[in-house]
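A quick note: this is a predicted structure, and the numbers were derived from the prediction, not measured. Naming: A, B, ... by sequence-line order, numbering from 1 per chain.
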Amino acid sequence: MTYKVKLEAFEGPLDLLLHLINRLEIDIYDIPMAELTNQYIEHLHAMRVLKLDELSEYLVLAATLLEIKSKMLLPVHEGEALDESSDFEMEEDPRDELVARLIEYKKYKEAAITLKESAEERSVHFTKLPGDLSQYGELVAPETEDKLNVFDLIGAFQKMLERKKLRAPLTANIMRSEISVSEKMDHIMIILERQGGSCDFDSLFESGDIEGLVVTFLSLLELMKRSDIVVLQDNNFGKMTVTTGMEESYGNN
Amino acid sequence: METIDDRIIGMLESFLFIAGDDGLTLKNISTLLQTDEESAVIIAEQLRLNYENRSCAGITLRLYGGSYRLVTKAEYADDILRMLENPTRNPITQASLEVLAIIAYKQPVTRVEIDDLRGVKSDGPIQTLVAKGFIMEKGRLESSGRPILYGTTELFLDKFGLESIDMLPPLVDSDEEPFGDTDLFMSKFQEAFEMTDEGGNND
Amino acid sequence: METIDDRIIGMLESFLFIAGDDGLTLKNISTLLQTDEESAVIIAEQLRLNYENRSCAGITLRLYGGSYRLVTKAEYADDILRMLENPTRNPITQASLEVLAIIAYKQPVTRVEIDDLRGVKSDGPIQTLVAKGFIMEKGRLESSGRPILYGTTELFLDKFGLESIDMLPPLVDSDEEPFGDTDLFMSKFQEAFEMTDEGGNND
């Protein structure tokens with residue numbers, strides 16, 4: 001039988017074994033060692049083109065599989081297997097330890113899936129930044145008598161990254177859809193008109209998020225290119241002034 | 001008690017609103033409302049019910065990691081994602097999830113125990129989980145090498161929507177029966193009567 | 001128009017909730033609700049009326065400086081001041097802890113860099129941390145204004161139980177798993193198996 005298998009990434013030899021057991025529809029409590037070992041080694045073979053050091057853990061398990069397989073081939077077992085009543089002695093089964101390991105691992109693998117679902121459920125609930133109470137007074141921080149925990153630092157840092165995500169979008173995303181360069185160009189010209197033909201370069205950049213500032217800057221460049229405005233600077237690092245291009249004295253190259 | 005004063009519910013809402021994602025513990029709430037914790041639970045539950053019963057409410061109350069937080073209702077998630085800059089959710093790899101599950105259920109636990117359970121080295125995932133603030137050192141094992149014992153953090157509980165570590169769903173085996181050794185034996189016993197061939201590939 | 005859909009009111013509440021102190025302009029609101037500004041005004045007004053008419057509401061809607069904001073009701077102002085005296089859990093405030101984390105990991109670092117990273121001014125927490133002796137001036141940056149460079153102190157190491165600053169657990173951005181190699185390995189591994197696989201013919 002030939003079929004295509006799309007394999008997910010394996011998390012280790014036990015994960016690979018579970019995958020094979022599942023795919024081959026093997027009963028985990030009665031693993032056909034020969035078949036499973038062959039399949040496992042076939043997979044290892046394909047993996048061998050990859051990094052060897054990452055394979056070492058897989059190889060250790062391969063050795064275990066082979067050992068179990070050979071133990072099961074011992075004639076004592078075959079003889080007993082013919083006799084139904086001797087099944088009570090299956091606690092001696094060389095596969096027991098492996099089965100126990102697989103089952104234990106599987107439990108946590110499934111718990112991981114549950115955790116992931118739980119995290120997904122949680123992720124549809126958004127919360128807000130704490131309100132700013134600084135205008136009412138200092139937050140009182142009690143004296144730090146005990147040892148503090150480094151992991152609190154990490155927690156604080158991660159929380160801050162989360163908060164930044166909440167803070168950024170509300171300004172940025174909305175702005176982007178709203179203000180185009182051409183709109184901003186009109187806006188700048190209106191400001192210039194109101195202020196009698198000139199204004200501080202900096203004043204155009206006083207508010208807005210990064211997107212907004214970039215749009216403002218692009219608009220200025222475009223206006224300069226069209227010679228609608230001229231940007232003047234008295235000396236290096238001096239204040240820059242934006243004026244409407246009316247003032248002929250500076251020309252408009 | 002039968003009728004909770006409207007004003008105290010409003011007060012709790014205002015506190016929770018200010019606290020935002022810091023949330024408030026039951027202790028915080030009872031201190032702030034100047035009441036005992038038992039009453040605080042009842043008031044919080046009434047606030048939650050108010051939100052749930054009001055279809056025009058965009059927010060509701062949740063308890064994560066021991067802290068009550070106001071959060072937006074799930075039904076608006078897509079609308080909110082629309083306005084978020086970078087709606088990609090924090091990806092966590094399968095390996096990290098496995099390690100996290102082991103730590104959550106077996107804590108405190110050493111790296112070696114985790115490695116043994118998974119059959120692979122778990123240094124990488126552990127490092128990631130520490131950096132994400134989901135796990136932390138909970139002391140050292142008093143044995144040779146004094147290995148670090150790991151446990152989960154409150155941030156883990158928050159991000160995974162758990163009220164407390166006791167609220168983790170019980171570990172289950174994929175088969176319906178949560179079986180011990182006896183059951184393992186019994187199922188083997190049964191199988192032995194059903195079929196004896198090693199191949200088992202009868203499809 | 002006569003009867004406003006409950007859902008859109010809830011949606012507006014959820015948006016305003018997340019916007020917090022920043023608030024939303026009418027234009028923002030109409031964009032987000034995908035409606036015109038006239039309707040947005042009506043929806044916002046309905047939300048405001050809901051808050052005002054509900055005596056158990058702790059928050060309400062206000063229009064300040066062109067932005068709609070959810071705010072706590074005036075009647076709870078005195079109660080909220082209690083929150084200043086009853087800080088939650090940590091013996092050090094969340095804000096200070098954030099600033100301390102940034103300084104610990106990124107030192108030497110200027111106030112402006114810290115502000116940028118947090119997205120809020122950090123003068124207060126920095127002052128507190130200097131006063132507590134956790135951080136100190138470690139020189140000046142040779143650029144315009146010669147801003148102060150901050151770093152952590154011995155006391156910081158002592159209080160946080162660190163032998164040296166190198167003993168801080170590694171930190172990664174939450175978005176990236178630090179183990180590119182593993183992923184590369186896995187993707188190669190997957191590639192290797194994307195091909196046709198001979199299975200089940202080995203008895």
Side-chain angles (χ1 to χ4, degrees), chain A residues 8-9 11-15 24-27 29-30 32-35 57 61 81 84 87-88 90-91 99 101 103-112 114-116 118-119 121-131 133 149 151 154-155 157-159 162-163 165 168-170 172-174, chain B residues 17-22 60 62 64 69-74 77 80 83-86 89 92 94-95 97-98 100-102 104-105 117-121 130-133 136-137 153-155 158-162 169 171-174 184-185 187-189 191-193 196 198-201 203:
Chain A
E8 60 273 82
E11 298 306 334
L14 293 177
D15 198 24
L24 300 171
E25 294 176 17
I26 291 171
D27 179 354
Y29 299 113
D30 187 20
M33 287 311 297
E35 186 182 3
E57 286 144 344
L61 193 75
E84 283 180 6
D87 282 319
F88 287 105
M90 283 187 82
E91 54 207 285
V99 169
R101 273 187 81 190
I103 287 170
E104 182 74 354
Y105 171 68
K106 199 173 173 208
K107 271 200 300 197
Y108 291 100
K109 193 174 160 60
E110 263 143 35
T114 313
L115 271 187
K116 194 178 178 194
S118 172
E121 265 173 52
R122 168 68 179 91
S123 72
V124 300
H125 297 290
F126 298 88
T127 185
K128 70 184 276 288
L129 298 168
L133 291 181
N149 198 315
F151 295 89
I154 293 173
F157 194 84
Q158 289 302 340
K159 215 165 173 184
E162 289 287 314
R163 286 177 177 182
K165 274 189 203 158
L170 283 144
N173 226 16
I174 297 162
Chain B
F17 179 78
I18 297 288
D21 70 350
D22 282 345
T60 187
R62 284 292 156 100
Y64 296 127
R69 286 181 184 81
L70 294 184
V71 297
T72 57
K73 282 188 175 172
I80 290 163
M83 71 198 258
L84 290 187
E85 171 116 349
N86 214 347
R89 287 170 187 166
I92 177 161
Q94 184 61 32
L97 268 175
E98 279 184 25
L100 191 54
I102 293 168
Y105 283 93
L117 222 149
R118 297 182 64 226
V120 279
K121 291 227 182 305
V130 166
K132 278 181 190 286
M136 62 180 284
E137 187 178 326
T153 62
E154 275 182 31
L155 187 68
D158 178 15
K159 290 298 156 203
F160 286 77
L162 297 164
L171 277 178
V172 281
D173 291 291
S174 48
L184 181 61
F185 172 71
S187 60
K188 276 187 176 177
F189 180 68
E191 279 159 28
F193 281 95
T196 44
E198 200 197 86
N201 50 350
D203 30 8

Atom group of A:S118 that falls short of 4.5 Å from chain B, counting heavy atoms: both
Which pair of non-hydrogen atoms, one from [X] and one from [Y], has the smallest distance, and what is that distance?
{"X": "A:V124", "Y": "B:A74", "answer": "CG2-CB, 3.5 Å"}
{"X": "B:L70", "Y": "A:T127", "answer": "O-OG1, 3.0 Å"}
{"X": "B:G119", "Y": "A:L14", "answer": "N-CD1, 4.0 Å"}
{"X": "B:V120", "Y": "A:G12", "answer": "CG1-CA, 3.4 Å"}
{"X": "A:Q158", "Y": "B:K132", "answer": "CG-O, 3.2 Å"}

Look up atom [atom1] in [X] and atom [atom2] in [Y], then write down how far apart they are to the nearest 0.5 Å.
{"X": "A:H125", "Y": "B:T60", "atom1": "NE2", "atom2": "OG1", "value": "8.0 Å"}
{"X": "A:L129", "Y": "B:D22", "atom1": "CG", "atom2": "CG", "value": "9.5 Å"}
{"X": "B:Q94", "Y": "A:K109", "atom1": "CD", "atom2": "NZ", "value": "4.5 Å"}

Between A:R122 and B:D158, is the closest basic N to carboxylate O distance under 4.0 Å? yes
Considering only heavy atoms, which portion of [X] lies under 4.5 Å from any heavy atom of chain A: side chain, backbone, both, or neither?
{"X": "B:F17", "answer": "both"}
{"X": "B:L117", "answer": "both"}
{"X": "B:A19", "answer": "backbone"}

Could you check if a side-chain atom of [X] sits within less than 4.5 angstrom of a side-chain atom of [Y], using non-hydrogen atoms only?
{"X": "B:D21", "Y": "A:P130", "answer": "yes"}
{"X": "B:E98", "Y": "A:Y105", "answer": "yes"}
{"X": "A:K107", "Y": "B:Y105", "answer": "no"}

By ring pair (Phe, Tyr, Trp, His ring centres under 6.0 Å), B:F160 pairs with (sequence neighbours left out) B:F134, B:F156
Who are the side chain to side chain donor-acceptor pair (under 3.5 Å) partners of B:E137, not counting sequence neighbours? B:R140
Spell out, as yes or no, whether a donor-acceptor pair under 3.5 Å connects the side chain of A:E57 to the backbone of B:K121. yes
